[in-house]
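Structure first, then comments.
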Amino acid sequence: MAPAFKLSSIFISGFMAGWQQASTSNEASGSMNSIEDSLPLDVAFMPDASTVMHGKDCITFEDGNSYPVIYDRVALLVPDKEIPIYLSLTPTLLNLACFVLFIFLAIEFIRFIVNINKGLVFDIKNVKRLKRFSYYLISIAILRCAAGIIDDMTLSSFGLNLQGYSLSASWSFPWVSLILGLLALLMARIWERGIEMKEEQELTI
């Protein structure tokens, strides 16, 4: 998310105002950080009881009506120059690794379906592909956990506090990937046992 967001924001800013104008406006804004020099962090806002009851702020619409707002989740733009290089690059590399593993997973899945359509159901190649499914999915789950932990470390390094809220990096444990990986491993074992039974039956006959 972060690299794509950053590249798109640079492109839009340069197209609309030009690099020089963006630099001038940044100098005039004093302590305001430029969006091109920022890295988005997905932050979860956990409100306390009083914030939930009364709302933290208000948002006004074009019709003039104002409504109370409780923050839930935002992309917080933090200056990337204040983030240690290992914290800013590692999540990007981990997400890239997840994307590569997902491509491998899709390729293996297509090959698996093609093999089934050919009538090669109880084939040892299908067992190997199911095992690869499980390895890829479990690896993706582990990498996503690592990226989330690093996001937590990055956010905590800023020591940000907001009255009425507790802040944390917005990520959740990848239960879906982990469970699907374990199910694929179970299916591989069942498939493998089915092949063994088929071979034993053929030898008996």
Side-chain angles (χ1 to χ4, degrees), residues 1-12 35-44 72-78 80 83-157 168-202:
M1 171 186 172
F5 181 90
K6 189 172 182 181
L7 288 173
S8 62
S9 64
I10 291 173
F11 174 79
I12 294 172
I35 194 172
E36 295 88 353
D37 299 324
S38 301
L39 185 72
L41 286 179
D42 206 5
V43 180
D72 177 46
R73 179 177 171 181
V74 299
L76 183 65
L77 298 177
V78 296
D80 57 6
I83 303 177
I85 187 67
Y86 68 92
L87 287 180
S88 62
L89 288 180
T90 305
T92 302
L93 296 176
L94 292 175
N95 289 325
L96 180 61
C98 287
F99 180 72
V100 172
L101 288 175
F102 180 78
I103 292 177
F104 288 158
L105 176 64
I107 292 173
E108 289 296 335
F109 182 75
I110 292 172
R111 290 177 176 174
F112 179 80
I113 295 300
V114 169
N115 225 27
I116 294 296
N117 288 336
K118 289 180 179 179
L120 303 174
V121 179
F122 290 101
D123 185 21
I124 194 63
K125 292 182 179 179
N126 290 336
V127 174
K128 293 180 179 178
R129 290 191 175 106
L130 285 170
K131 288 182 178 180
R132 292 192 193 108
F133 290 167
S134 66
Y135 300 152
Y136 291 151
L137 287 167
I138 293 173
S139 297
I140 288 173
I142 293 172
L143 291 174
R144 288 180 62 189
C145 284
I149 293 171
I150 292 174
D151 284 342
D152 279 327
M153 294 171 58
T154 303
L155 183 63
S156 63
S157 68
S168 67
S170 180
W171 69 280
S172 57
F173 191 85
W175 289 108
V176 174
S177 297
L178 182 60
I179 291 174
L180 288 177
L182 294 176
L183 285 176
L185 194 60
L186 177 62
M187 289 298 298
R189 180 53 189 157
I190 294 174
W191 220 282
E192 188 174 26
R193 181 56 184 158
I195 293 174
E196 291 174 357
M197 292 176 64
K198 179 184 177 182
E199 291 176 348
E200 291 174 0
Q201 186 178 12
E202 291 176 349

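Just so you know, residue 1 is the first one in the sequence shown, and it goes up from there.
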Subject >> Verdict with reasoning, L182 to L186, per side chain to side chain contact (heavy atoms under 4.5 Å, CB included) >> reply: CA-CA 6 Å; L182 294 176; L186 177 62; over 6 Å; no
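- Side chain of N95 to backbone of P91: a donor-acceptor contact under 3.5 angstrom is found.
- Side-chain atoms of L155 and D151, non-hydrogen and from C-beta on, never get closer than 4.5 Å to each other.
- The closest side-chain heavy-atom distance from R73 to V43 is not below 4.5 Å.
- The backbone N or O of K131 lies less than 3.5 Å from a partner atom in the side chain of S134, making a donor-acceptor pair.
- For the pair I150 and L94, the minimum side-chain heavy-atom distance is below 4.5 Å.
- We find the CZ-CG distance between R144 and L178 to be 11.0 Å, quoted to the nearest 0.5 Å.
- Closest approach of S139 to L101, counting heavy atoms only: CB-CD1, 3.7 Å.
- Note that the CG atom of N126 and the CD1 atom of I113 stand 9.5 Å from one another [nearest 0.5 Å].
- Here CG of L105 is found 12.5 Å from CZ of F99. Values are rounded to the nearest 0.5 Å.
- The shortest heavy-atom contact between A169 and D152 is CB-OD1, 3.0 Å.
- Expressed to the nearest 0.5 Å, how far CG of N117 lies from CZ of F112 amounts to 10.5 Å.
- Applying the 6.0 Å contact sphere to CZ of F173 captures more than 12 heavy atoms from other residues, nucleotides or ligands.
- A 4.5 Å side-chain heavy-atom check between D42 and W171 finds every atom pair outside the cut-off.
- Nearest heavy-atom pair across L143 and A97 is CD1-CB, 3.8 Å.
- Separation of atoms CG (L137) and CD1 (I142) is listed at 11.5 Å; rounding is to 0.5 Å.
- Rounded to the nearest 0.5 angstrom, K128 NZ and F133 CZ are separated by 14.5 Å.
- The side-chain contact (heavy atoms from CB on, under 4.5 Å) with V127 is formed by just one residue from the set R189, M187, E192; it is E192.
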